[in-house]
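Since the model is a prediction, treat every value here as computed from it, not as a measurement.
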Amino acid sequence: MLPAIVIEKLPRLIRAIKLAATQADADEAIGLADELASITAMVAEKFTNDRTAEGIQRAQMLTIGGVSLGLEHLVDDDSDETALDILIADGAEYVFQAGFRMIRELAALPEDSLVGEYDNDPVYAGRRLKELFVDICTADPGESWSGYERYLGQLRQREGVLAVVNAAKWLRKNHYEGPVIDPDLNAEGVIALAVIFAVDGGTIHARAGQKDFERFVKSVRKNNPDFETGWAAFLEKVPAPHKAIIAERVQTYREHCTVLQSIRTKAPMTQLIAELENYAGSELDTEYP
């Protein structure tokens with residue numbers, strides 16, 4: 001078996017700097033070096049430790065990654081010459097700020113569909129920003145760097161989570177008894193409740209208690225509603241920005257939801273409640289009022 005071919009992909013900043021010796025004049029090269037040193041000093045002060053050699057070295061790697069991330073975003077092609085032109089024309093500080101802004105905006109997106117009050121806590125938000133900055137932008141000048149690809153992967157994942165969270169917030173706002181106000185949100189749980197309860201007439205349920213669920217089960221067993229009719233009426237109420245997410249969950253629960261598979265059988269209520277809790281989590285209040 002032939003060994004795998006590994007293509008070295010140094011950080012974009014390092015690739016651009018290698019061209020500076022032949023494509024930049026002395027003043028431009030010195031100016032770029034001074035800017036990078038200033039950025040490194042700032043990063044060391046705010047994120048690592050400007051009093052130790054190790055802290056300064058880590059800051060240098062973060063500077064390389066931060067500027068490289070900005071270059072990957074600003075340069076439309078794979079040209080290192082274009083990257084060097086941007087560094088000289090706009091300045092390394094401008095490019096670094098572009099990269100850091102990408103990290104800050106990424107950190108502001110939800111990482112998963114469980115949202116709580118602490119997500120808006122400034123101390124927690126600052127810690128999350130630093131962790132993401134270190135994870136994506138640490139770049140060794142002599143080794144391949146995949147920070148931009150990891151950034152794009154996380155961006156896609158978090159934008160998907162945000163779509164789920166926004167769909168759940170819409171369902172809460174349009175709950176049949178009035179908006180559900182709660183800083184803690186289990187977005188998948190809200191959507192699960194809404195999809196399951198929708199089989200009986202298409203009404204929007206974004207929060208339910210144990211009594212609500214027992215009434216729902218009795219109604220389904222008595223009236224034997226057509227699930228597809230209920231889902232169609234439910235989806236008709238959902239606006240376009242959220243319809244794809246919720247329709248996907250409808251399809252999933254149509255095929256795999258154990259609650260809906262068991263609800264028309266003689267399964268005991270305790271079993272159905274336990275199964276519903278697996279889907280709804282904290283959005284189901286299992287205690288009687």
Side-chain angles (χ1 to χ4, degrees), residues 100-137 150-198 202-210 212-213 216 231 234-235 237-253 256-260 273-287 289:
F100 191 76
R101 186 164 53 249
M102 294 163 68
I103 296 295
R104 187 169 60 242
E105 291 171 355
L106 182 64
L109 296 173
E111 193 170 2
D112 59 53
S113 58
L114 295 173
V115 179
E117 273 187 295
Y118 65 88
D119 288 299
N120 297 317
D121 180 84
V123 174
Y124 176 78
R127 186 183 306 126
R128 188 171 55 199
L129 172 62
K130 179 179 179 180
E131 290 174 352
L132 201 56
F133 180 44
V134 170
D135 178 57
I136 289 177
C137 291
R150 285 185 287 116
Y151 162 80
L152 292 176
Q154 287 213 34
L155 181 63
R156 285 190 295 270
Q157 186 265 332
R158 290 177 184 235
E159 285 178 339
V161 172
L162 181 62
V164 173
V165 169
N166 287 341
K169 287 180 176 179
W170 183 88
L171 290 169
R172 275 190 168 184
K173 185 178 179 181
N174 292 274
H175 180 59
Y176 81 104
E177 287 185 322
V180 176
I181 308 299
D182 187 344
D184 294 326
L185 170 69
N186 178 341
E188 290 287 3
V190 169
I191 297 174
L193 270 180
V195 170
I196 291 169
F197 273 79
T203 304
I204 297 175
H205 284 72
R207 175 66 64 84
Q210 188 165 321
D212 298 319
F213 181 63
F216 164 72
W231 281 326
F234 169 59
L235 288 172
K237 300 170 184 175
V238 178
H242 312 305
K243 186 163 288 188
I245 289 291
I246 295 176
E248 181 182 304
R249 298 306 187 275
V250 167
Q251 178 60 28
T252 298
Y253 294 137
H256 304 294
C257 181
T258 57
V259 175
L260 296 178
I273 290 172
E275 290 178 353
L276 180 63
E277 198 167 8
N278 289 334
Y279 293 98
S282 59
E283 301 299 329
L284 174 67
D285 181 7
T286 56
E287 299 294 330

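- The distance from atom CE of Met102 to atom CG of Leu132, rounded to the nearest 0.5 Å, is 11.0 Å.
- With a 4.5 Å cut-off on side-chain heavy atoms, Phe100 and Leu129 count as touching.
- Using a 4.5 Å cut-off on side-chain heavy atoms (C-beta onward), Tyr279 and Val195 make no contact.
- In terms of modelled atom types and a separation under 3.5 Å, the side chain of Lys237 and the main chain of Gly202 share a donor-acceptor contact.
- Using a 4.5 Å heavy-atom threshold, the side chains of Gln210 and Phe213 count as separate.
- Side-chain contact between Ser282 and Asp184 is absent, with no heavy atoms from C-beta onward closer than 4.5 Å.
- Here the CG atom belonging to Leu106 is positioned 10.0 Å from the CZ atom belonging to Arg128, to the nearest 0.5 angstrom.
- Rounding to the nearest 0.5 Å gives a distance of 7.5 Å between CZ of Phe133 and CD1 of Ile103.
- Taking each heavy atom of Ala206 and Leu193 in turn, the nearest pair found is O-CD1, 4.1 Å.
- Here the side chain of Arg207 pairs no donor or acceptor atom with the backbone of His175 at under 3.5 angstrom.
- Within a 6.0 Å radius of NZ in Lys243, other residues, nucleotides and ligands contribute more than 12 heavy atoms.
- Here the side chains of Val180 and Val190 are not in contact, with every heavy-atom distance at 4.5 Å or above.
- With rounding to the nearest 0.5 angstrom, the CZ atom of Arg172 is 14.5 Å from the CD1 atom of Ile204.
- The heavy-atom pair separating Leu260 from Tyr253 by the smallest distance is CD1-O, 4.1 Å.
- Gln154 has its side chain out of reach of Arg150: every pair of non-hydrogen atoms, C-beta onward, lies at least 4.5 Å apart.
- The pair Glu105-Arg158 does not meet the salt-bridge criterion, since no charged nitrogen lies less than 4.0 angstrom from a carboxylate oxygen.
- Between the Asn174 side chain and the Trp170 main chain, a donor and an acceptor come within less than 3.5 Å of each other.
- Separation of atoms CG (Leu162) and CD (Glu111) is listed at 13.5 Å; rounding is to 0.5 Å.
- Judged by distance alone, with hydrogens and angles left aside, the side-chain atoms of Glu188 form no donor-acceptor pair with the main-chain N or O of Ala168 at under 3.5 Å.
- Side-chain contact between Tyr151 and Leu155 is present, with at least one heavy-atom pair separated by less than 4.5 Å.
- If you take CG on Asp285 and CG on Asp212, they are separated by 9.0 Å, rounding to the nearest 0.5 Å.
- Closest non-hydrogen pair, Ala167 versus Ile245, comes out as CB-CG2, 4.2 Å.
- Contact annotation: the side chain of Gln157 approaches that of Val161 to within less than 4.5 Å [non-hydrogen atoms, C-beta and beyond].
- Between the side chain of Asn166 and the backbone N or O of Ala163 there is no donor-acceptor pair closer than 3.5 Å.
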